[in-house]
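Not measured: the values here are computed from a predicted model.
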Amino acid sequence: MSAPRNTGPVYEVFTQTGPSAPVTYAGSIVCHQHQQAWHLAKDAFGRRDDLAQLWVVPRDSVVTSAAPYDPAVLAAKTRMPHRQPAFPIARRKRREQATTAAEVPVDGVPATLWRCLADDLFLHAHRLAERIVDYIELEASLAVGSIAQEDLAHARTAVVLCGLDPATVDGHFFDRDQEDWFPSRLLSQADESWLATIACGLILSAAVATAAGATLGRESTIEVEQLVHFGHWATMAVAVLADEGLAREFAGVFAVLHAAAADLFHAPSGVVGAGSGDAIPEKLLAARFAELLGTAVPAHWLTDRGAAPRGAGALATTLDRLRSVRSTYRPGVFT
Amino acid sequence: MPIAEQPTRYYELHDDMPDEVRAGAARFASVQALNEMVGVLPFAAWLDRAPSYARKQMLIAKIQDEVGHGHVAARVAEDLGVSRESILVDFVEGRAKAHNIFHYDFESWEEFGPGLLLMNSAAIVQFNSLMKGVYLPYARALRKIEREESFHYQHALDMTHEVLTHGDAAQRHRAQEGFDRWLPRVLAYFGPPDTETITSNPMWRCGLKPDGNDALRQKWLGRIIPVVRKLGVRVTTEQANEEPDGTWSFTMPDWVAVKRVIHNGGPASQRRLDWVRGALVRNAALRHALREAS
């Protein structure tokens, strides 16, 4: 594709034709004098119409959805069907058409790395959602809400990739015995502070993005979105590290969580891929993970923790609470 | 019933506008922002107990939406000179009040659906009215907010239907009790009767409040009572009844009690204040660091 051949600075022009009409994109002009751009835009796009508003913005000042942004991230309706008003209606119709309550089989998905990362993603989303209303800035709350929903979506994708029937995902996360969960110790730490949230978010998103990049093919949705999450947490980490007091505290919090995350790339079944039998050395994943994490925190923080095995999760309190409403209804009501 | 005349002038941020429009718009936007940020808290309390993957996703989406509504309204208020931090500080220091309905928690999952259905449908009726107001940035913000409220409405319908269809007798009873408990609270949400006084309300006179409280309450009853009856909720004639002339009679809220609740005398008032105060204090250093870095 040939490059634009503009002869001067470009300004994007937006017009509004009436007080209740939306402001819409009208086109662009080239103008060498900044203070004349608005008048030129009026001559170009407002000659024949009454306009309520005319906005002129230097093209360089506009952040667009072009590369490097993945167009898929703008497909909110497709990616997140649960956000649509019709979603609960469709669910209700499906349930009404079912003649018997669905019996949810106990799934026998082996504890591959991705099944374990699905546990991590689900638990991370579960904890992170509560931070939405732990107000720092409203923009941070909005970002955290998106990260939590995307982590939940990735958890679902991960177990489906491992061979789980999509119709049984609900039961997989809500009805499994504690002994069948293999979350990283990263997700069982008690610290619910924002510094711990930032550190946990950095570590988990780096790990999942690394695993996705190595095992799911080039630029999978999981990798792309987890890298966006990583970028968000890294931005917060930069702000924290610029504050002397917070940086000291963050260093201590990060060290604890980084040590706990030594089991992140361990798969109890010994299978590191998405259940397909492909094997990728844990050490290779750990090295790539450290390289990514090192772009956000000081290199000397990333001490070699060695690898540790995952164990069955100490999730009694979390799972009891998670099921406290569900368990009072007969099986199949909520699936 | 008095209806505001169609305004002859609408205002954007940089227009010359009467002081009462500017001040009134700032007040409406900041009150909206506060009530979104505080009003989300009774729902957020159920995040860790949402009983299915889909319900969890929908609830997280709703929580995010409400905070997003606060964000949109706070932006309108900021452009009019109200700092977003002052919105929450004024709340914890008693200068700003949350709507009566946000001073209560849900006592059970079964109460959640009917309570949300009543609150959400009332908000939609109110926002549809305020969208006709003369300050256009606030009107546009409400259009975005109202669009997302339709999702919450469907969610609430679905939750209520689920309990009333699949719950056992005790669960269905709790849903009915939830409706009985929340109906008077939401009737009070629209504000005291004002048919006789609306024309002297400065917000009505300057075009920011197109409809009076009584008119909105009637519109809401006309919409929501048939919906809840169709779901299987029992509504007594004492609670709400459509009269032969098409108006709705209802048990008038105790406005003295409502005022007491609004002034932080509700069962969850202290929890709201403690949570917001805690977030302001607990997160002050991080908030400062993020602002310094931006």
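Using a cutoff of 4.0 Å between basic side-chain nitrogens and carboxylate oxygens, A:Glu137 and B:Arg291 are scored as salt-bridged. The pair B:Arg84-A:Glu139 counts as a salt bridge, with a side-chain nitrogen and a carboxylate oxygen less than 4.0 angstrom apart.
Neither the backbone nor the side chain of B:Glu66 comes within contact range of chain A; no heavy atom of the residue lies under 4.5 Å from a heavy atom of that chain. Contact of A:Ala153 with chain B is made through backbone and side chain together, with heavy-atom distances under 4.5 Å. Within the 4.5 angstrom heavy-atom criterion, only side-chain atoms of B:Ala44, from C-beta onward, approach chain A. At a 4.5 Å heavy-atom cutoff, the contact between A:Asp243 and chain B is made by side-chain atoms alone. Residue B:Leu136 touches chain A through its side chain alone, counting heavy-atom pairs closer than 4.5 Å. With a threshold of 4.5 angstrom between heavy atoms, B:Ala45 approaches chain A through N, CA, C or O but not through any side-chain atom. Looking at A:Gln16, the atoms closer than 4.5 Å to chain B (heavy atoms on both sides) all sit in the side chain, from C-beta outward. Proximity to chain A involves both the backbone and the side chain of B:Met37, based on heavy atoms less than 4.5 angstrom apart. In this structure, chain A has heavy atoms under 4.5 Å from both the backbone and the side chain of B:Leu290. Residue B:Ala74 touches chain A through its side chain alone, counting heavy-atom pairs closer than 4.5 Å.
The backbone N or O of A:Ile136 lies less than 3.5 Å from a partner atom in the side chain of B:Arg287, making a donor-acceptor pair. The backbone N or O of B:Leu88 sits nowhere less than 3.5 Å from a side-chain atom of A:Tyr135 that would complete a donor-acceptor pair. Here the side chain of B:Trp275 pairs a donor or acceptor atom with the backbone of A:Val133 at under 3.5 angstrom.
At most 12 non-hydrogen atoms from other residues, nucleotides or ligands lie less than 6.0 angstrom from CH2 of A:Trp55.
There is a side-chain donor-acceptor pair under 3.5 Å between B:Lys56 and A:His126. Between the side chains of B:Gln57 and A:Gln149, no donor-acceptor pair of N or O atoms lies under 3.5 Å.
Rounded to the nearest 0.5 angstrom, B:Asp65 CG and A:Arg83 CZ are separated by 4.5 Å. For the atom pair CG (B:Asp158) and CZ (A:Phe87), the distance works out to 9.0 Å, reported to the nearest 0.5 Å. In this structure, the separation between CD1 on A:Ile132 and CG on B:Leu47 is 6.5 Å, given to the nearest 0.5 Å. For the atom pair CZ of A:Phe334 and CZ of B:Arg55, the computed distance is 7.5 Å after rounding to the nearest 0.5 Å. If you take OG1 on A:Thr328 and CD on B:Glu110, they are separated by 6.0 Å, rounding to the nearest 0.5 Å.
No other option in B:Gln171, B:Met58, B:His71 has as many heavy-atom pairs under 4.5 Å with chain A as B:Gln171. Your options are A:Ser146, A:Ala148, A:Ala242, and the one with the most heavy-atom pairs under 4.5 Å with chain B is A:Ser146. Note: A:Ala239 leads A:Ser327, A:Pro22, A:Ala239, A:Ala125 in heavy-atom pairs under 4.5 Å with chain B. Interface summary for chain B: among A:Arg323, A:Arg127, A:Gln53, the most heavy-atom pairs under 4.5 angstrom belong to A:Gln53. With chain A as partner, the option from B:Ala293, B:Ala279, B:Ala61 having the largest number of non-hydrogen pairs under 4.5 angstrom is B:Ala61.
Residues B:Val163 and A:Tyr329 are in side-chain contact: their nearest non-hydrogen atoms beyond the backbone lie under 4.5 Å apart. With a 4.5 Å cut-off on side-chain heavy atoms, B:Ile60 and A:His82 do not count as touching. B:Asp48 places a side-chain heavy atom less than 4.5 Å from the side chain of A:Glu130.
The shortest heavy-atom contact between B:His166 and A:Val333 is CB-CG1, 3.7 Å. The two atoms that bring A:Leu142 and B:Gln64 nearest to each other are O-NE2, 2.9 Å, heavy atoms only.
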Candidate pair A:His172 and B:Tyr53, rule side chain to side chain contact (heavy atoms under 4.5 Å, CB included), full reasoning
CA-CA 10 Å; A:His172 175 81; B:Tyr53 177 90; over 6 Å; no

